[in-house]
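The block underneath contains the structure these notes are about, expressed in structure tokens.
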Amino acid sequence: MPTWLMKSEPDELSIQELARQGQARWDGVRNFQARNYLRAMQEGDLFLFYHSSCAQPGVAGIGRIVQGAYPDPSACDPQSPYHDPRTASGKNLWSAVDVAFEEAFPEVLALSRIKLCDDLKDLPLVQKGSRLSVMPVNLEHWDTILRLARQL
DNA sequence: GCCAACGTTGGC
DNA sequence: GCCAACGTTGGC
């Protein structure tokens, strides 16, 4: 089963908020490479829930895909910050998925800690200049991150 | 708030 | 198709 990492600003959606809601739509992705990864996701896939643009950037827990990619409604919504005017001509380029809460780590596994781990140096997240908000995580990296999180 | 790095847009 | 300008991401 493929595993993933997805970034969210906790002000927008945090792992705690997902835990409270149980389920949420993951929308607003406006990068083609990230979108293509969304489209590759299947029901049941697990992902690392990453908190970005915040005081404590890092992996905050685990989520699960409960609905594979479908056209992102926020692209068609003029009120949405993610509105894409191109949808006016009838085509929606963007995709969303639905996710469920799986687990919150006792504390955030800090990006700074991840960067220190030699086994994670090939993780796309820590590649220089990488800004991808959705990315695949291979099994070795997945296991390494969970091991680090378990010893927090 | 700064700024490096990157993706996207649009004129040519 | 090139590439400069612009906007965005996201750590610090």
Side-chain angles (χ1 to χ4, degrees), chain A residues 2-21 24-41 45-65 68-99 101-138 140-142 144-149 151-152:
Chain A
T3 50
W4 312 92
L5 180 146
M6 299 209 280
K7 297 178 183 175
S8 176
E9 301 187 13
D11 285 350
E12 190 134 356
L13 179 69
S14 66
I15 191 76
Q16 290 77 19
E17 181 63 15
L18 181 60
R20 202 182 61 77
Q21 296 180 11
R25 169 181 290 154
W26 203 284
D27 60 6
V29 170
R30 294 294 178 267
N31 167 283
F32 288 105
Q33 197 178 351
R35 181 208 66 181
N36 292 342
Y37 286 134
L38 280 185
R39 290 182 176 179
M41 292 177 178
D45 287 1
L46 297 175
F47 66 96
L48 299 168
F49 195 123
Y50 182 90
H51 285 178
S52 68
S53 294
C54 58
Q56 288 240 22
V59 179
I62 297 173
R64 178 169 33 90
I65 306 300
Y70 55 92
D72 182 350
S74 71
C76 310
D77 176 6
Q79 306 303 323
S80 168
Y82 303 121
H83 178 235
D84 180 355
R86 286 175 289 190
T87 54
S89 62
K91 58 174 180 187
N92 186 347
L93 296 170
W94 306 113
S95 298
V97 297
D98 290 341
V99 304
F101 174 77
E102 191 74 22
E103 172 183 346
F105 297 155
E107 55 186 288
V108 172
L109 176 62
L111 176 61
S112 57
R113 177 69 189 88
I114 291 171
K115 284 179 171 172
L116 288 175
C117 181
D118 206 47
D119 292 343
L120 294 173
K121 65 180 189 313
D122 294 329
L123 189 68
L125 178 74
V126 298
Q127 300 296 298
K128 182 184 169 200
S130 169
R131 299 182 319 190
L132 255 191
S133 62
V134 182
M135 68 189 77
V137 176
N138 71 34
E140 291 74 19
H141 290 155
W142 179 272
T144 301
I145 287 172
L146 286 209
R147 182 169 48 76
L148 292 177
Q151 65 198 29
L152 283 173

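Since the structure is predicted, the reported quantities are computational estimates derived from the model, not experimental observations. Here is the naming used below: chain letters follow the sequence lines, and residue numbers restart at 1 for every chain.
Between A:Trp26 and A:Phe49, the ring planes lie perpendicular to each other; the angle is over 60°, past the 30° to 60° tilted range.
The pair A:Asp72-A:Arg30 meets the salt-bridge criterion, with a side-chain N (NZ, NE, NH1 or NH2) lying under 4.0 Å from an Asp/Glu carboxylate O. The pair A:Arg86-A:Asp84 meets the salt-bridge criterion, since a charged nitrogen lies less than 4.0 angstrom from a carboxylate oxygen.
Among B:dT8, C:dG11, B:dA5, the nucleotide with an atom closest to any side-chain atom of A:Ser52 is C:dG11. In the set B:dT8, B:dA5, C:dC12, C:dC12 carries the atom at the smallest distance from any side-chain atom of A:Leu111.
In this structure, A:Met6 places its CE atom 16 Å from P of C:dT9, rounding to the nearest Å. Computed from coordinates, the A:Arg35 CZ to C:dT9 P distance equals 17 Å when rounded to whole Å. Computed from coordinates, the A:Gln33 CD to C:dT9 C1' distance equals 14 Å when rounded to whole Å. A:Asp84 has its CG atom 15 Å from the C1' atom of C:dT8, to the nearest Å. Between the P atom of C:dT9 and the CG atom of A:Leu125 lies a distance of 16 Å, rounded to the nearest Å. In this structure, A:Trp94 places its CH2 atom 13 Å from P of B:dG7, rounding to the nearest Å. Protein atom CG of A:Leu132 is 9 Å distant from nucleotide atom P of C:dG10, rounded to whole Å. The nearest whole Å value for the distance from the CG atom in A:Asn31 to the P atom in C:dG10 is 9 Å.
The shortest distance between the side-chain N/O atoms of A:Lys7 and the OP1/OP2 oxygens of C:dG10 is below 4.0 Å. Contact between the side-chain N/O atoms of A:Arg86 and the OP1/OP2 oxygens of B:dT8 is not found at any separation under 4.0 Å. Between A:Tyr50 and C:dG11, a side-chain N or O to OP1/OP2 separation shorter than 4.0 Å is present. Under 4.0 angstrom from either OP1 or OP2 of C:dC12 there lies at least one side-chain N or O belonging to A:Lys115. Distances shown here put every side-chain N or O of A:Lys128 at or beyond 4.0 Å from the OP1 or OP2 atom of B:dA4.
A donor and an acceptor atom, one from each side chain of A:Asp98 and A:Tyr70, are located under 3.5 Å apart. At a cut-off of 3.5 Å, with distance as the only test, a side-chain donor of A:Arg39 or A:Ser95 sits close to an acceptor on the other residue.
Between the side chain of A:Arg131 and the base of C:dT8, a donor-acceptor pair under 3.5 Å is found.
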